[in-house]
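Everything on this sheet refers to the single structure shown next.
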Amino acid sequence: MSQTYSICLNTQDGKEISFDCTADENLIDAAARANITLPAVCHEGNCGACHGHCRSGDYEQKSHSSGALSKQDEEHGGILMCRTHPRGNMVVEVTSDLSHITSGPVPEPVCEVLAVDDMGGQVRRLLLKVLPDESGVVHSEFEPGQFMELEIPGTDVRRAYSISNAPNWSGELEFMIRLQPHGKFSTWLTDVARVGDRLNTKGPEGSFLLHQAGIAPRRFVAGGTGVAPMLSMLRQMAEFQEPHESHLYFGLTSEADLFAIEEIEELKSSLPNLTAEVCIWKPAGDWQGFTGSPVDAFKRDLQADLAKGIQPDVYLCGPPGLIDAAEAVADELGLPYSSLFSERFLPG
């Protein structure tokens, strides 16, 4: 009979939740057996949704995508819980509050399409409204930074997208979706989707959330549609008029990729402590803004922050290369790894 070990999860709000896990099962499956639903999407080590940090204990981590978990992250105790098998009692730190770790299954609400808009840069805005379930309950609660799985009507094909609007009582969910050539969801969105259509969803999910302890400055480093969860976070900050001095680094390849500029300008007006910088990697025209990657701009400012004794909380969202580069900059300059919060965008 396989050895059984105790797994203790430390949540962001200082709470604990424990369950048993045998040596031949992973943490996600063991938690589910205890009726604890942890963040997970692919269950194959490819998406990074089940990320955590092992603070003590031995374990074996099965094969996984380096895009979902970098070598540097592993060296700091980073794990993918769907690929982690205990070899002793473990203490694992997660970025979720206890209230975000659900008991029982993740909600799967049906949603109605309210709008499909062209935002520029091959990005579409998809606005959904959560419909009441059979008992009349509207499952629309979410935290800024979380994502939903959206199912193409009439299929079992699902894609995960971050929510870009702030939590609201109306049940609206906004997504900023970059069109992928020949992508199944992209094809549905451009050729089929119409106002009034209904689609199955799953969520909210994910633990890429604002760190609420203290009033450290916040730095948001986003690549492409990785800006979506950042906008959700900043929109809530604006509603609550949070005092944190914040800066958004928004990276795009060229001017042709520009989108969400009006939304960012609106945020700057409503959140006085926010500054924002659009970073174009390969400008083709008479670009007057920052030339380079958002990580380049972030490095410039982090050096100045640390020279003043400022240690900001840093939020990273985008492709794995951007996350790896930003983590390397933080390590090079001496920012504690505990100040970094990230979510990787991986091909669906």
Side-chain angles (χ1 to χ4, degrees), residues 10-14 48 51-57 59 61 64-80 91-96 144-145 207-224 226-227 229-230 233-234 237 242-251 273-279 281 289-345:
N10 290 338
T11 62
Q12 179 178 277
D13 55 345
H51 182 274
H53 277 94
C54 179
R55 294 311 180 197
S56 68
Y59 58 91
Q61 188 147 236
H64 58 273
S65 166
S66 60
L69 182 69
S70 68
K71 284 293 184 183
Q72 182 183 6
D73 197 355
E74 283 193 83
E75 291 171 0
H76 285 86
I79 61 171
L80 299 178
V91 175
V92 177
E93 184 177 277
V94 294
T95 56
S96 303
S207 56
F208 180 56
L209 308 172
L210 281 171
H211 182 61
Q212 297 294 353
I215 55 171
R218 290 169 172 168
R219 307 291 180 249
F220 300 88
V221 185
V227 77
M230 313 293 202
M233 293 174 178
L234 290 166
M237 287 175 62
E242 295 191 24
H244 304 73
E245 186 267 311
S246 303
H247 190 86
L248 171 65
Y249 306 88
F250 180 27
N273 290 330
L274 172 67
T275 53
E277 195 166 15
V278 178
C279 307
W281 183 33
F290 184 87
T291 297
S293 77
V295 177
D296 296 331
F298 165 62
K299 180 177 182 179
R300 173 203 65 200
D301 292 347
L302 183 59
Q303 289 175 316
D305 281 340
L306 295 176
K308 298 174 185 175
I310 297 171
Q311 291 189 348
D313 288 335
V314 180
Y315 298 85
L316 311 168
C317 191
L322 179 143
I323 307 299
D324 292 344
E327 289 178 347
V329 164
D331 185 59
E332 173 192 343
L333 298 181
L335 182 70
Y337 196 77
S338 58
S339 295
L340 301 178
F341 308 90
S342 65
E343 183 164 79
R344 296 164 182 265
F345 272 21

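Position 1 is the first residue of the sequence, and the numbers go up from there. The analysis underlying the following values was restricted to heavy atoms, covering all of them including side chains, and did not include hydrogens, waters or symmetry mates. Computed from a predicted structure; not experimentally measured.
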Next on the checklist: For Asn10, give me all partners under side chain to side chain donor-acceptor pair (under 3.5 Å), at least two apart in sequence or on another chain.
Outcome noted: none
Which donor-acceptor pairs under 3.5 Å do side chains of residues 329-342 form with protein atoms, sequence neighbours excluded?
unit_1 : atom_1 : unit_2 : atom_2 : d
Glu332 : OE2    : Lys299 : NZ     : 3.4
Tyr337 : OH     : Asp73  : OD1    : 2.8
Tyr337 : OH     : Glu327 : OE2    : 3.4

Any non-hydrogen side-chain atom of [X] less than 4.5 Å from a side-chain atom of [Y]?
| X | Y | result |
| --- | --- | --- |
| Ser207 | Glu343 | no |
| Pro144 | Leu209 | no |
| His53 | Val92 | no |
| Asp296 | Tyr249 | no |
| Val314 | Phe298 | yes |
| Pro217 | Ile310 | yes |

Item to check | With Cys54 via side-chain contact (heavy atoms from CB on, under 4.5 Å) - residues at least two apart | outcome: Tyr59, Ile79, Met90
Checklist entry - side-chain contact (heavy atoms from CB on, under 4.5 Å) with Thr291: which residues, sequence neighbours excluded? => result Pro283, Trp287
Checklist entry - Of Met233, His211, Met230, Glu242, which is the lone residue that meets side-chain contact (heavy atoms from CB on, under 4.5 Å) with Arg218? => result Glu242
Taking all atoms of both residues into account, what is the closest heavy-atom pair of [X] and [Y], and its distance?
| X | Y | answer |
| --- | --- | --- |
| Gly145 | Pro229 | CA-CB, 3.8 Å |
| Cys279 | Ala297 | SG-CB, 3.9 Å |
| Gly223 | Pro319 | O-CD, 4.3 Å |

Item to check | Asp313: salt bridge (charged side-chain N to carboxylate O under 4.0 Å, His left out) partners, not counting sequence neighbours | outcome: none
Checklist entry - Can you list the residues that meet the salt bridge (charged side-chain N to carboxylate O under 4.0 Å, His left out) rule with Arg219, with sequence neighbours excluded? => result Glu245, Asp305
Checklist entry - Judged by atom type as modelled, is there a donor-acceptor pair below 3.5 Å linking the side chain of Glu277 to the main-chain atoms of Phe250? => result no
Measuring from atom [atom1] of [X] to atom [atom2] of [Y], what distance do you get when rounded to the nearest 0.5 angstrom?
| X | Y | atom1 | atom2 | result |
| --- | --- | --- | --- | --- |
| His51 | Leu80 | NE2 | CG | 7.0 Å |
| Tyr315 | Leu234 | OH | CG | 10.5 Å |
| His244 | Asn273 | NE2 | CG | 10.0 Å |
| Leu69 | Ile323 | CG | CD1 | 12.5 Å |

Checklist entry - Just one of Gln72, Arg344, Lys71 clears the side chain to side chain donor-acceptor pair (under 3.5 Å) bar with Asp324, so which one? => result Arg344
Next on the checklist: Could you go through Leu316 and Val295, starting from their C-alpha distance and side-chain angles, then the distance that decides it, and tell me whether this counts as side chain to side chain contact (heavy atoms under 4.5 Å, CB included)?
Outcome noted: CA-CA 10 Å; Leu316 311 168; Val295 177; over 6 Å; no
